[in-house]
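Okay, structure first, notes after.
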There are 2 protein chains.
Amino acid sequence: MTKPRSRRGGGRPTIADVARKAGVGAITVSRALREPGRVSEDLRRQIQAAVDELGYVPDPNARALASARAEVFGVLVPSLTNNVFAEVVRGIYDSLSDSPFRIQIGNTHYSGLEEERLLQVFGSQRPAALIVAGIDQTPGARRLLENAGCPVVQVMETGPDPVDMMVGFSHLDGGRTATEHLLQAGYRKIGFIGARMDPRSQRRLAGYRAAMEAAGLFDPRLITTTPVPSSVSLGRELFRDALAKMPVLDGVFCNNDDIALGVLFECHRASLDVPKQIGIVGFNDLDMMQVSFPSITSVRTHRYEIGTRSVGMALAAIAGNPPEQRIVDLGFELVRRESTAR
Amino acid sequence: MTKPRSRRGGGRPTIADVARKAGVGAITVSRALREPGRVSEDLRRQIQAAVDELGYVPDPNARALASARAEVFGVLVPSLTNNVFAEVVRGIYDSLSDSPFRIQIGNTHYSGLEEERLLQVFGSQRPAALIVAGIDQTPGARRLLENAGCPVVQVMETGPDPVDMMVGFSHLDGGRTATEHLLQAGYRKIGFIGARMDPRSQRRLAGYRAAMEAAGLFDPRLITTTPVPSSVSLGRELFRDALAKMPVLDGVFCNNDDIALGVLFECHRASLDVPKQIGIVGFNDLDMMQVSFPSITSVRTHRYEIGTRSVGMALAAIAGNPPEQRIVDLGFELVRRESTAR
DNA sequence: CAGACAAATGGTAGCGCTACCATCCCTATG
DNA sequence: CATAGGGATGGTAGCGCTACCATTTGTCTG
């Protein structure tokens with residue numbers, strides 16, 4: 001007769017099986033796995049042997065239930081295909097790959113309501129930390145973050161009023177820097193082209209506007225935007241619209257690099273010389289900016305580092321020593337290339 | 001005196017709180033939430049009111065522990081930034097957004113060992129389904145998939161021996177079709193350029209080779225590959241290498257669209273006329289292929305659909321009616337554009 | 001050498017939920 | 001009108017793990 005195995009448990013070894021095999025109490029196995037320092041060398045070895053032999057893997061659900069804390073990082077991003085967030089997420093994954101923490105990604109589709117819903121779902125798991133993109137949470141989302149009972153890192157942007165911690169940079173400064181560069185290069189009728197005008201895009205636009213106004217060159221007809229998601233083909237279309245509206249255009253600051261690439265291709269098609277007739281500046285500095293012909297000036301942002309840094313701050317907070325500096329500005333760099341060299 | 005609240009539970013309402021407020025048993029609340037049809041209209045309304053009032057959200061950990069089944073889809077992809085997988089993942093997210101299922105993504109970094117490790121971790125959660133990229137699992141990974149006790153969908157490729165279900169297409173046929181198109185357009189010295197030669201890239205190369213051999217034009221010196229991850233700048237470099245090795249090159253089939261774009265830019269720089277002197281074909285048909293100047297012929301693949309379809313099959317299997325057809329070939333389409341029109 | 005104290009180990013009692021098995025009540029049947 | 005059968009509801013007993021509080025042992029102090 002086999003011993004009466006649990007009906008439900010699917011036959012996987014449990015901590016009790018390991019304890020029996022190692023001849024110790026279950027709690028000691030638990031400790032050996034979580035706080036090896038508190039178990040004697042001898043027992044630790046015996047337990048490890050039993051774990052290996054049985055192929056025991058702790059059940060994270062049971063662990064979470066018993067300790068009222070799941071080893072999960074909740075991550076909220078507005079898009080999964082946008083290269084910008086993909087890089088941040090990659091940084092997060094790489095930073096957590098050797099830790100016991102799992103990652104749960106939520107896609108808000110740029111919707112505040114969806115963000116609230118996902119925070120509700122995430123909250124029910126009692127995550128170890130939350131990393132959310134952006135600083136413009138709805139009041140409801142903000143309340144959920146404040147009551148999450150875990151470290152929270154807002155990423156992509158910096159701002160004055162963090163829920164807990166922040167890692168990012170100033171999109172407004174980025175937009176201004178890009179525009180000032182075009183001005184310094186001698187361009188005058190500089191357009192702004194932007195798709196998916198999320199809050200960060202809006203602030204880049206504000207930076208553009210500030211620079212243009214300071215130069216006394218601002219004209220609202222220079223701005224061409226759409227709420228449609230960004231793409232290279234959209235960049236082409238928007239640039240055509242912009243040119244139709246303002247044929248005198250001699251430069252464009254693009255909301256992002258996809259748009260900039262689309263603009264460049266349209267210039268080729270229309271036989272507009274870049275940088276002589278049109279100057280182009282992108283945003284984010286994707287790899288292809290340095291390869292294109294002509295290569296495209298862009299504002300380099302540190303997306304992967306935003307991911308790694310946010311994890312580092314959250315881990316520190318979990319360990320009980322939250323970072324001194326709760327707001328980390330990783331800055332950006334203007335990378336000058338052929339598209340604005342005239 | 002307040003009633004002695006649990007020390008550990010952080011104060012969130014539990015199913016017992018809802019039951020008390022609604023004046024029913026806890027199990028009835030549980031049923032009302034999971035199988036509304038089995039609870040009378042009246043009670044259902046009362047319970048819903050109590051849930052809303054208390055802001056009750058079920059604890060997924062407790063649920064998973066009690067039912068020995070977590071409402072989680074495990075997803076294993078080799079890269080998070082590669083647009084191809086990002087699209088698949090987006091399809092998966094969109095298909096599951098209205099379901100109770102959460103998604104857990106693992107990044108294998110193209111490593112079989114890492115894949116095994118992640119399957120081990122995922123398995124400990126008893127996921128509702130597993131979706132894994134590729135069909136070349138290590139023997140260990142394959143065993144873990146077979147013993148996962150849940151539906152498994154292998155995606156991106158089709159092959160003869162599914163663990164359970166498959167959704168994808170034939171990369172070999174895709175490579176052959178692309179190459180045959182170049183041959184039909186009159187190109188003869190057709191090179192293959194590929195980065196990150198994962199199993200799918202290898203099969204595209206095999207398709208290229210088959211077509212070239214059938215035409216009596218195969219020459220191993222036409223092949224330029226590297227294990228380095230793909231990028232636009234790498235495409236440019238590899239093309240330069242290829243030209244240096246074989247100056248007679250008159251066409252290239254690129255492993256993917258990033259490479260193809262790099263090749264196009266290098267042609268611009270070197271003043272090589274596309275398509276007259278050099279024909280270019282990409283793979284995947286990203287949006288930018290249609291916009292570039294000249295536009296680039298590519299093999300369109302149905303990445304988003306791979307994601308949605310794999311979820312559909314898994315959900316059907318979970319519901320007890322696994323699809324008749326366990327292997328779904330979504331095919332591909334050659335999209336002819338300017339880069340091969342001479 | 002008693003007493004204090006720390007380190008190592010274990011027992012017990014849940015964490016919040018659902019599987020399983022009652023129980024109850026109502027309707028249909030002969 | 002007794003009985004069977006089905007639908008609605010509830011009680012009990014865990015799921016696998018860890019927090020909390022012993023208990024045991026060894027070591028150091030005065």
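Chain identifiers are assigned alphabetically (A, B, ...) following the order of the sequence lines, protein sequences preceding nucleic acid strands; residue numbering begins at 1 within each chain. Everything numeric here is computed off the predicted structure, so don't read it as measured data.
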Query raised in the report: In Å, rounded to the nearest 0.5 Å, how long is the span from CZ of R12(A) to CG of D17(A)?
Result: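 One gets 12.5 Å once the value is rounded to the nearest 0.5 Å.
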
Query raised in the report: Which value, rounded to the nearest 0.5 Å, describes the distance between Y93(A) atom OH and L80(B) atom CG?
Result: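 These two atoms lie 6.0 Å from each other.
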
Taking [atom1] from [X] and [atom2] from [N], how many angstroms apart are they, rounded to a whole number?
{"X": "R69(B)", "N": "dG16(D)", "atom1": "CZ", "atom2": "C1'", "answer": "16 Å"}
{"X": "E35(A)", "N": "dA8(C)", "atom1": "CD", "atom2": "C1'", "answer": "13 Å"}
{"X": "R44(B)", "N": "dA8(D)", "atom1": "CZ", "atom2": "P", "answer": "9 Å"}
{"X": "L65(A)", "N": "dC17(C)", "atom1": "CG", "atom2": "P", "answer": "9 Å"}
{"X": "R12(A)", "N": "dG16(D)", "atom1": "CZ", "atom2": "C1'", "answer": "12 Å"}
{"X": "L43(B)", "N": "dG7(D)", "atom1": "CG", "atom2": "C1'", "answer": "13 Å"}
{"X": "R126(A)", "N": "dC17(D)", "atom1": "CZ", "atom2": "P", "answer": "19 Å"}
{"X": "R20(B)", "N": "dG11(D)", "atom1": "CZ", "atom2": "P", "answer": "13 Å"}

Query raised in the report: For N321(A), does the CG atom sit with more than 12 other heavy atoms under 6.0 Å from it, leaving out its own atoms?
Result: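 Enclosed.
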
Requested in this report: Using distance alone, with no hydrogens and no angle criterion, decide if R34(B) and S30(B) have a side-chain donor and acceptor under 3.5 Å apart.
Outcome: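 On atom types as modelled, these side chains qualify, holding a pair under 3.5 Å.
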
Query raised in the report: Looking only at heavy atoms, which two atoms of V72(A) and F101(A) are closest? And how far apart?
Result: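 Minimum heavy-atom separation between V72(A) and F101(A): N-CD2, 4.0 Å.
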
Requested in this report: Find the bend of the helix from dC1(C)-dG30(D) to dG30(C)-dC1(D) as the angle between its two terminal axes (five pairs each), to the nearest 10°.
Outcome: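 Axis angle across the helix from dC1(C)-dG30(D) to dG30(C)-dC1(D), nearest 10°: 40°.
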
Query raised in the report: Going 5' to 3' along nucleotides 22-27 of chain C, which nucleotides have protein heavy atoms under 4.0 Å from the base (write B), which only from the sugar-phosphate (write S), and which from neither (write -)?
Result: ------

Answer yes or no: is there a donor N or O on one side and an acceptor on the other, between the side chain of [X] and the main chain of [Y], under 3.5 Å?
{"X": "R326(B)", "Y": "M166(B)", "result": "no"}
{"X": "R44(B)", "Y": "P36(B)", "result": "yes"}
{"X": "Q154(B)", "Y": "P162(B)", "result": "no"}
{"X": "R69(A)", "Y": "R126(A)", "result": "yes"}

Query - Nucleotide nearest S67(A) when distance is taken to its side chain, options dA19(D), dC17(D), dC17(C) - result: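 Taking heavy atoms from C-beta onward, the closest nucleotide is dA19(D).
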
Query raised in the report: Among dG16(D), dT9(D), dA19(C), which is the nearest nucleotide to the side chain of R34(B)?
Result: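 Closest nucleotide to the R34(B) side chain: dA19(C).
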
Requested in this report: Return the 5'-most residue of the pair R38(A), V39(B) with respect to DNA chain D, ranking by each residue's nearest nucleotide.
Outcome: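 Upstream on the strand: V39(B).
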
Query raised in the report: Among residues 24-33 of chain B, which contact DNA chain D at a heavy-atom distance under 4.0 Å?
Result: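 Here the set is V24(B), G25(B), I27(B), T28(B), R31(B).
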
Are [X] and [Y] packed together at the side-chain level, in the sense that at least one heavy-atom pair is separated by less than 4.5 angstrom?
{"X": "R102(A)", "Y": "P60(A)", "answer": "yes"}
{"X": "I105(B)", "Y": "I103(A)", "answer": "no"}
{"X": "V121(B)", "Y": "V57(A)", "answer": "no"}

Report task. Would you list the pairs meeting side chain to side chain donor-acceptor pair (under 3.5 Å) in which at least one residue belongs to residues 143-152 of chain A, sequence neighbours left out? Result ->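 Output for this query lists R142(A)-E146(A).
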
Query raised in the report: Which residues within residues 55-64 of chain B lie with some heavy atom under 4.0 Å of an atom in DNA chain C?
Result: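 Per residue number, the list reads Y56(B), P58(B), D59(B), A62(B), R63(B).
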
**Report entry** D52(A): partners by salt bridge (Lys or Arg N to Asp or Glu O under 4.0 Å), with sequence neighbours left out
**Finding:**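 Checked D52(A) against salt bridge (Lys or Arg N to Asp or Glu O under 4.0 Å); zero matches.
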
